[in-house]
Amino acid sequence: MIEFLMVCNKAGAVRVSRNYTTNPLPEPRSVLHACLKRNTPQQCCHFMLKEGGMQVRVVFRQYASLFFILGISEEDNIMSHFAFIHNLVETLNSYFSNVCELDLMHNVDRAHMILDEIVVNGFITESNRSRVLAPIAILDKSIEKV
C-alpha cells in the first residue's frame, strides 16, 4: 500500500503531495536529504525511514530536476512501485507533453486528477494511460466550449 507520495524539486519544495493514511507526512526536506545522499549509481533507491514513531519504506526516482518519492508498506514489492513511478511520469508526459516542474506548479489540479485516477486509497487501480487521461480530456473539452 502506498502511504504517501511527494514530488519535490532538488531544493525540497513540494510540488505535488498526497497522503493515503492517517499518519502525518514526514518532513519533506529530511526525506529529500536522505534521497540525495543515496542518489548515486552505486547506492540503492529505497531505504527505511523511521520518523515520529512511523516506520515506512521510501522508494524514489529522479526525473530531471524532480524527485518522485513514495512511502510504501514494508511488505510491498519495491519493483512494482518503481514501475508505478515510471508509469506516472509517462502519463504526466503524455498529458503535459514533456512534463516539467512549471507544469506541475501551474496545473497542480490536473496533476492531482491524474494521480487520483491511478491511485485510490493508496492502492494502484489503473495503469492504462489512455484510461487515465480520458476523463481529463473530456473535462478539457468541456472547458474549451465555455
Side-chain angles (χ1 to χ4, degrees), residues 1-140:
M1 178 180 163
I2 299 172
E3 297 194 14
F4 66 86
L5 178 136
M6 288 189 291
V7 180
C8 305
N9 63 8
K10 288 183 180 179
V14 178
R15 298 304 175 203
V16 177
S17 70
R18 183 70 84 202
N19 194 2
Y20 296 104
T21 63
T22 57
N23 298 331
L25 278 173
E27 177 61 37
R29 289 189 189 269
S30 66
V31 174
L32 186 64
H33 180 69
C35 292
L36 285 172
K37 286 194 316 189
R38 292 170 174 84
N39 196 25
T40 61
Q42 296 83 16
Q43 300 279 337
C44 59
C45 296
H46 64 91
F47 58 93
M48 292 301 292
L49 177 70
K50 297 175 185 174
E51 184 176 300
M54 178 178 70
Q55 183 170 344
V56 66
R57 176 172 285 158
V58 175
V59 176
F60 69 95
R61 285 199 64 180
Q62 181 181 5
Y63 287 90
S65 65
L66 293 173
F67 282 88
F68 289 78
I69 304 169
L70 290 178
I72 62 172
S73 303
E74 292 182 53
E75 64 273 358
D76 278 0
N77 184 351
I78 296 169
M79 293 307 292
S80 67
H81 290 288
F82 281 128
F84 161 71
I85 292 172
H86 185 71
N87 185 27
L88 176 63
V89 171
E90 288 294 320
T91 305
L92 290 170
N93 276 338
S94 294
Y95 182 75
F96 292 113
S97 57
N98 204 4
V99 68
C100 66
E101 186 177 355
L102 287 175
D103 292 328
L104 295 180
M105 287 173 55
H106 296 298
N107 300 298
V108 70
D109 57 333
R110 297 291 192 247
H112 276 211
M113 287 174 65
I114 291 170
L115 184 59
D116 290 342
E117 287 290 327
I118 298 173
V119 180
V120 176
N121 290 333
F123 295 99
I124 302 167
T125 57
E126 186 61 62
S127 61
N128 187 333
R129 195 176 312 152
S130 60
R131 286 187 181 168
V132 169
L133 295 175
I136 300 164
I138 292 170
L139 180 65
D140 288 343

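Values below: all heavy atoms of this structure, side chains included; hydrogens, waters and symmetry mates excluded. Computed from a predicted model, the values in this text were never measured in an experiment.
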* Among V59, I118, V89, I72, find the residue that satisfies the side chain to side chain contact (heavy atoms under 4.5 Å, CB included) test when tested with F84. => I118

* Do V108 and R15 have side-chain heavy atoms sitting under 4.5 Å apart? -> no

* Is the backbone N or O of V99 less than 3.5 Å from a side-chain atom of N93, with the two atoms forming a donor-acceptor pair by type? -> yes

* Consider only side-chain N and O atoms of R57 and H46, and report whether a donor and an acceptor are under 3.5 Å apart. => no

* Could you state the interatomic distance from CD (E117) to CE (M113), rounded to the nearest 0.5 Å? -> 7.0 Å

* Structure fact -> What one should report as the nearest heavy-atom pair of V16 and A111 is CG2-CB, 4.0 Å

* Look only at the side chain of R29 and the backbone of A11, and say whether a donor-acceptor pair between them is shorter than 3.5 Å. => yes

* Asked: For M79, does the CE atom sit with more than 12 other heavy atoms under 6.0 Å from it, leaving out its own atoms?
  -> no

* Within a reach of under 6.0 Å around CG of N77, are more than 12 heavy atoms found that belong to other residues, nucleotides or ligands? -> yes

* Find out whether T21 and M1 are in side-chain contact, i.e. whether some heavy atom of one side chain is under 4.5 Å from a heavy atom of the other. => yes

* Asked: Taking the side chain as C-beta and beyond, is there a heavy-atom pair between F67 and V31 under 4.5 Å?
  -> no

* Starting at CG of L88, measure out to CG of L5 and round the result to the nearest 0.5 Å. => 6.5 Å

* Structure fact -> In this structure, CG of L92 is separated from CG of L115 (nearest 0.5 Å) by 8.5 Å

* So do the side chains of L32 and M6 get within less than 4.5 Å of each other, counting heavy atoms only? -> no

* Asked: Quick one: does Q62's side chain have a donor or acceptor within less than 3.5 Å of a partner on A64's backbone?
  -> yes

* Could you grab the distance from atom CZ of F47 to atom CZ of F60, nearest 0.5 Å is fine? => 6.0 Å

* Asked: Just wondering, are more than 12 heavy atoms of other shown residues or ligands nearer than 6.0 Å to NE2 in H33?
  -> no

* Return yes if some donor-acceptor pair links the side-chain N/O of N19 with the main-chain N/O of N23 below 3.5 Å, else return no. => yes

* Name of the residue among V7, L49, V14, V58 meeting side chain to side chain contact (heavy atoms under 4.5 Å, CB included) with I69 -> V58

* Separation between CG of D116 and CG of N121, rounded to the nearest 0.5 Å -> 10.0 Å

* Side-chain H-bond candidate by donor/acceptor type, Y95 with D140, under 3.5 Å -> yes

* **S73 OG to H81 NE2 distance, which is reported to the nearest 0.5 Å** => 7.5 Å

